[in-house]
Amino acid sequence: MLDIIHDNWLLLLIGQYPNGPLGGLAATLLLAVIGLILAFPCALALAIARVSPFRPVALIATALINIVRGTPFLMVIFWSYFALPLLIGIPISGFWTLIGALVLYESAYLAEVIRSGIQALPKGQTEAARSLGFGYFRTMFTIILPQALYNSLPSLLSQFVSLIKETSLGYVISVNEFTFAAVQVNNELLTRPIEVFSILAITYFLLCFTLTSAARALEGRIARRRAGRSGTRADTTEILAPDLLKTEPTP
């Protein structure tokens, strides 16, 4: 296995670059990052529509999210591969086809993550903002969303891990990512598929395990900050309460 890595590490890492398109593990990470960046604003819009008080908007957003989430990602890739050139009128590469599929698919999942973060906040915050004269959108963008996105950071990082794994299906449309590079190495060696795909599996595991551990650490940090804020409020109450309790009621 070590000799395979020694002989093919550059192909597995960056593909044929600079003599060809960027590939390998670098392309996988690039696909995941671009997919997440482009999917995030779409997911944000879907999540806001999902919790909208305007029922037709909420129903349309809910239907779109459920349809995408109920469709296998491989089908989304095939749909993007054949439909996107027809929709935009020009041929596009497999790389951008996969980006389009990732954005469509991840938007639905990220929207549910953000929606959960919004609905997890106490309703009293919305009511207090509205009582101060804040409109719906001002309340959402200045009070609700910043807290919801902060609380959803671990889940967003977990979705990035899922994105990395989903890029592996790009090889079916010949996207030169990490799995495609491993298939190229296997086609050259022919007799050592177990070693080649073991390298692929171990690399994916190490990468995803590292990011998942980071998500757990971030989640713990957020939980500690919440507990610290709660403790601060409790300490303040304990300081003020004795004086209030000593005050006898006025007859």
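In this structure, E166 CD and L31 CG are separated by 11.5 Å, a value rounded to the nearest 0.5 Å. Residue I14 holds its CD1 atom at 13.0 Å from CG of L30, rounded to the nearest 0.5 Å. Considering CG of L59 and CZ of R50, their distance stands at 9.5 Å, rounded to 0.5 Å. The structure places CZ of R55 at 12.0 Å from CD1 of I60, a figure rounded to the nearest 0.5 Å. Taken to the nearest 0.5 Å, the OG atom of S213 stands 12.5 Å off from the CG atom of L218. Atom CZ of residue R216 and atom OG of residue S158 lie 8.5 Å apart, to the nearest 0.5 angstrom.
At least one donor-acceptor pair closer than 3.5 Å links the side chain of Q147 to the backbone N or O of I143. Under the 3.5 Å distance criterion, the side-chain polar atoms of N186 are left unmatched by any main-chain donor or acceptor of A182. Proximity of a side-chain donor or acceptor of S131 to a complementary backbone N or O of A128 within less than 3.5 Å is detected.
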Residue pair L145, I48: steps toward the side chain to side chain contact (heavy atoms under 4.5 Å, CB included) verdict: CA-CA 9 Å; L145 272 181; I48 294 172; 3.8 Å; yes
Given side chain to side chain contact (heavy atoms under 4.5 Å, CB included), test V175 with L169 step by step and report yes or no. CA-CA 9 Å; V175 177; L169 291 175; over 6 Å; no
L38 vs L102, side chain to side chain contact (heavy atoms under 4.5 Å, CB included): CA-CA, chis, key distance, verdict: CA-CA 9 Å; L38 296 181; L102 288 170; over 6 Å; no
Would Q184 and Q16 satisfy side chain to side chain contact (heavy atoms under 4.5 Å, CB included), going step by step from the backbone distance to the final call? CA-CA 11 Å; Q184 287 181 310; Q16 299 172 349; 4.0 Å; yes
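Between L46 and A61, the shortest heavy-atom distance links the atoms O-CB, 3.9 Å. Of all non-hydrogen atoms in T97 and S80, the two that sit nearest each other are CG2-C, 3.7 Å. Residues A32 and I164 approach most closely at CB-CG1, 3.7 Å, considering heavy atoms. For C42 against S107, the heavy-atom pair with the smallest separation is CB-OG, 3.3 Å. Of all heavy-atom pairs between A148 and L121, the closest is N-CD1, 4.0 Å. In terms of heavy atoms, P154 sits closest to N151 at CD-O, 3.6 Å.
Annotation: side chain of L84 is not in contact with side chain of W96 (no heavy-atom distance under 4.5 Å). Looking at heavy atoms from C-beta onward, V172 lies out of side-chain contact with Y81 at the 4.5 angstrom threshold. With a 4.5 Å cut-off on side-chain heavy atoms, W79 and T71 do not count as touching. Contact check for F178 versus L13: no side-chain heavy atoms found under the 4.5 Å cut-off. Two residues are said to be in side-chain contact when any heavy atoms from C-beta on lie closer than 4.5 Å; L25 and L207 meet this criterion. Looking at L22 and N176, their side chains never come closer than 4.5 Å, going by heavy atoms from C-beta outward. For the pair M140/V51, a side-chain contact is recorded, criterion being any heavy-atom separation below 4.5 Å from C-beta on. In this structure the side chain of E106 never reaches within 4.5 angstrom of the side chain of L36, judged on heavy atoms.
Of the candidates I92, L98, I99, I99 is the only one forming a side chain to side chain contact (heavy atoms under 4.5 Å, CB included) with F95.
Taking the six-membered ring where the residue is Trp, Y109 and Y105 present tilted rings, their angle falling between 30° and 60°. Relative orientation of the F209 and F205 rings is parallel, given thresholds of 30° and 60° on the angle between their planes.
Side-chain heavy atoms closer than 4.5 Å link hydrophobic residues (I, L, V, M, F, W, Y) into clusters, and following such links, even through other members, never connects I67 to M75. Put simply, I114 and I37 are part of the same group of oily side chains (I, L, V, M, F, W, Y) that touch within less than 4.5 Å, one to the next. Both Y171 and L189 are assigned to one and the same hydrophobic cluster, defined by single-linkage of ILVMFWY side chains at heavy-atom distances under 4.5 Å. Linking ILVMFWY residues whenever their side-chain heavy atoms come closer than 4.5 Å, directly or via other members, leaves I65 and L110 in distinct clusters. Using a 4.5 Å cut-off between side-chain heavy atoms of Ile, Leu, Val, Met, Phe, Trp and Tyr, with links allowed through other members, I194 and V196 fall into different hydrophobic clusters.
With a 6.0 Å radius and a threshold of 12 heavy atoms from other residues, nucleotides or ligands, F180 has its CZ atom above the threshold. For R69, the CZ atom counts as densely surrounded, since its 6.0 Å shell holds more than 12 non-hydrogen atoms of other residues, nucleotides or ligands. Residue L206 qualifies as enclosed at atom CG: its count of foreign heavy atoms under 6.0 Å is above 12.
The pair E127-R130 does not meet the salt-bridge criterion, since no charged nitrogen lies less than 4.0 angstrom from a carboxylate oxygen.
With no hydrogens or angles considered, a side-chain donor-acceptor pair links T179 and Y204 at under 3.5 Å.
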